[in-house]
Amino acid sequence: MKPAVKIQLMENLKFLKLAAAIANLETCLRQARESGLDPSEFLLNITDLEVMNRMENGRKRRIRQAKFPLLKPVETFDFEAAKDFDLQLIKHLLTGQYIKEARNVIFLGKSGTGKTHLATALGMEACRLGARTLFTTACTLANELIEARDEKILSRVLKRYAGYDLLVLDELGYVPFSKEAAELLFQVLAERHERKSMIITTNMGFGDWTQIFGEPTLTAALLDRVTHKAHIISCNWESYRFKETLKKGKQK
Ligand code: ADP
Ligand code: MG
């Protein structure tokens with residue numbers, strides 16, 4: 001390649017912000033020369049690299065913005081430890097189809113069974129698939145909504161919560177809500193109903209949700225929406241945390 005052409009080409013790539021193409025130009029050109037690729041194949045190879053790089057950057061950015069408390073991808077979950085787990089269902093959920101269909105996923109079960117881990121794993125996969133995701137706890141969300149209302153920015157905050165493709169709502173049920181908090185949460189959940197997906201983890205069976213939300217009519221209306229067409233996964237197996245503790249105890 002003539003030096004002047006190369007300089008201009010580099011300038012163009014920079015102007016177009018094609019970072020991966022810039023980084024791989026020499027290698028791709030050499031490959032094309034050595035393997036006798038035609039120009040279209042060369043162009044395909046270099047644009048492939050750019051596309052992969054953009055997708056990877058997007059995945060990383062979405063994972064950062066989702067604010068997962070810990071990064072726990074699905075490969076780190078031991079399905080052997082989760083007795084009777086429906087592996088077909090988790091495979092299906094990992095495809096992200098439920099997000100396209102605006103369905104919810106609800107993990108029900110006692111503490112330590114891996115609900116947060118599974119919710120995080122699905123959330124991280126959603127980020128890879130391009131879904132704008134946010135992880136929060138029910139308590140944090142309730143407090144944020146109350147603050148937003150006090151500061152008169154509630155509609156803005158509600159709009160933001162309506163916008164995520166996937167909202168992971170962890171630990172519903174550990175703390176009961178005030179009447180005000182329950183009503184505000186209802187607004188977020190009702191707004192997303194049939195439009196956007198949620199993953200909810202809870203230690204409370206549906207029958208006990210009145211204890212979380214107080215008001216029976218509101219609870220019924222909320223349950224109706226949240227569970228409608230939802231994938232409900234009961235985590236009835238032993239606590240993983242507890243098992244690990246027992247194991248450590250025995251080792252000592
Ligand atoms: P929960 O949210 O149901 O209380 P967590 O997801 O916080 O439970 O799990 C408790 C701890 O045990 C976490 O560190 C989690 O990564 C781990 N854990 C739970 N189940 C499994 C599993 N099947 N394989 C690997 N780690 C697990
Ligand atoms: Mg948890």
Side-chain angles (χ1 to χ4, degrees), residues 62-96 98-99 103-128 131 133-145 161 164 166-177 181-182 185 188-189 192 197-209 211-213 222-223 226-227 230-252:
R62 282 185 291 274
I63 287 182
R64 227 176 20 249
Q65 290 171 343
K67 304 204 181 95
F68 297 108
L70 291 166
L71 295 181
K72 302 220 172 183
V74 73
E75 307 84 71
T76 62
F77 192 82
D78 173 12
F79 286 95
E80 301 269 313
K83 211 162 63 63
D84 304 329
F85 197 93
D86 185 348
L87 288 177
Q88 280 313 110
L89 177 56
I90 198 81
K91 265 190 206 145
H92 171 75
L93 294 176
L94 287 168
T95 66
Y98 71 100
I99 301 174
R103 285 174 193 250
N104 296 336
V105 179
I106 305 175
F107 290 102
L108 269 169
K110 57 180 197 284
S111 178
T113 48
K115 302 184 298 297
T116 301
H117 192 142
L118 285 166
T120 303
L122 287 183
M124 288 180 72
E125 197 54 26
C127 289
R128 197 179 65 75
T133 303
L134 184 79
F135 181 108
T136 187
T137 66
C139 213
T140 308
L141 175 56
N143 290 337
E144 193 180 339
L145 294 172
Y161 277 100
Y164 297 110
L166 176 65
L167 178 65
V168 183
L169 198 59
D170 197 27
E171 300 194 339
L172 187 71
Y174 280 103
V175 188
F177 299 118
L185 264 166
V188 171
L189 304 193
R192 297 184 63 85
S197 289
M198 283 189 295
I199 298 179
I200 296 177
T201 82
T202 179
N203 60 330
M204 293 277 226
F206 296 129
D208 298 325
W209 278 33
Q211 288 171 41
I212 316 175
F213 293 97
L222 190 133
L223 262 176
V226 166
T227 57
H231 297 287
I232 297 165
I233 301 166
S234 295
C235 308
N236 289 322
W237 46 85
E238 256 181 273
S239 160
Y240 190 86
R241 217 186 260 133
F242 187 59
K243 251 192 329 206
E244 291 286 288
T245 315
L246 281 185
K247 239 192 261 171
K248 277 192 197 124
K250 271 189 201 148
Q251 279 162 8
K252 278 181 197 162

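All ligand and atom numbering here is 1-based and tracks the order in the structure. In what follows, residues are counted from 1 in the order of the sequence shown.
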**Student:** So which heavy atom in the protein is nearest atom 24 (N) of ligand 1, and how far is it from that ligand atom?
**Tutor:** D78 N, 2.8 Å
**Student:** Would you check whether T201 reaches within less than 4.0 Å of ligand 1, judged by its heavy atoms?
**Tutor:**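 No heavy atom of T201 comes that close to ligand 1.
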**Student:** With only distance considered, is G112 within less than 3.5 Å of ligand 1 through an N or O on each side?
**Tutor:** yes
**Student:** Using 0.5 Å steps for rounding, measure from the CG atom of L222 to the CZ atom of F213.
**Tutor:** 4.5 Å
**Student:** Tell me which protein heavy atom sits closest to atom 6 (O) of ligand 1, plus the residue, atom name and distance to 0.1 Å.
**Tutor:**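 Nearest protein contact, heavy atoms only, for atom 6 (O) of ligand 1 is H117 N, 2.8 Å.
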**Student:** Determine whether a donor-acceptor pair (N or O, by modelled atom type, separation under 3.5 Å) exists between the side chain of K115 and the backbone of K110.
**Tutor:**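 Between the backbone of K110 and the side chain of K115 there is a qualifying donor-acceptor contact (under 3.5 Å).
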**Student:** May I ask you to identify the nearest protein heavy atom to atom 11 (C) of ligand 1, giving residue, atom name and distance to one decimal place in Å?
**Tutor:**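 Of every protein heavy atom, R241 NE, 4.1 Å lies nearest to atom 11 (C) of ligand 1.
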**Student:** Between T136 and L169, is there a donor-acceptor pair closer than 3.5 Å when you use the side chain of the first and the backbone of the second?
**Tutor:** no
**Student:** For the residue pair Y98 and H231, categorise the inter-ring angle as parallel (less than 30°), tilted (30 to 60°) or perpendicular (more than 60°).
**Tutor:**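 Aromatic pair Y98/H231 classed perpendicular.
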**Student:** Salt bridge (charged side-chain N to carboxylate O under 4.0 Å, His left out) with R192: which residues, sequence neighbours excluded?
**Tutor:**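 Scan of R192 (salt bridge (charged side-chain N to carboxylate O under 4.0 Å, His left out), adjacent residues dropped) gives none.
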**Student:** Return yes if some donor-acceptor pair links the side-chain N/O of T202 with the main-chain N/O of L172 below 3.5 Å, else return no.
**Tutor:** yes
**Student:** Quick one: sort the Y161 and Y164 rings into parallel, tilted or perpendicular, breaks at 30° and 60°.
**Tutor:** perpendicular
**Student:** Is there a nitrogen or oxygen of Y174 sitting under 3.5 Å from a nitrogen or oxygen of ligand 1?
**Tutor:**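 Y174 vs ligand 1: no N/O contact under 3.5 Å.
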**Student:** May I ask you to identify the nearest protein heavy atom to atom 13 (C) of ligand 1, giving residue, atom name and distance to one decimal place in Å?
**Tutor:** K72 NZ, 3.5 Å
**Student:** Among all protein heavy atoms, pick out the one at the shortest distance from atom 8 (O) of ligand 1; state its residue, atom name and that distance to 0.1 Å.
**Tutor:** G114 N, 3.1 Å
**Student:** Measure from the side-chain N and O atoms of W237 to the backbone N and O of T113, and report whether any donor-acceptor pair falls under 3.5 Å.
**Tutor:**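 Yes, W237 side chain to T113 backbone: donor-acceptor pair under 3.5 Å.
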**Student:** Among all protein heavy atoms, pick the one closest to atom 19 (C) of ligand 1 and tell me residue, atom and distance.
**Tutor:**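 Result: Y240 CB, 3.2 Å.
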**Student:** Any side-chain heavy-atom pair from P69 and F135 closer than 4.5 angstrom?
**Tutor:**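 Result yes, sub-4.5 Å side-chain heavy-atom pair found.
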**Student:** Which residue and non-hydrogen atom of the protein lie closest to atom 2 (O) of ligand 1, and at what distance in Å?
**Tutor:**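 I find the closest protein heavy atom is T116 OG1, 2.7 Å.
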**Student:** Please confirm if an N, O or S atom belonging to T116, backbone or side chain, lies less than 2.8 Å from the Mg ion (ligand 2).
**Tutor:** yes
**Student:** Would you check whether T76 reaches within less than 4.0 Å of ligand 1, judged by its heavy atoms?
**Tutor:**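 A heavy atom of T76 does come that close to ligand 1.
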**Student:** Could you tell me which atoms of ligand 1, counted from 1 in the order shown, lie closer than 4.0 angstrom to a heavy atom of S111?
**Tutor:** 4 (O)
**Student:** Check for me whether A82 has a heavy atom closer than 4.0 Å to any atom of ligand 1.
**Tutor:**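 Distance cut 4.0 Å: A82 fails for ligand 1.
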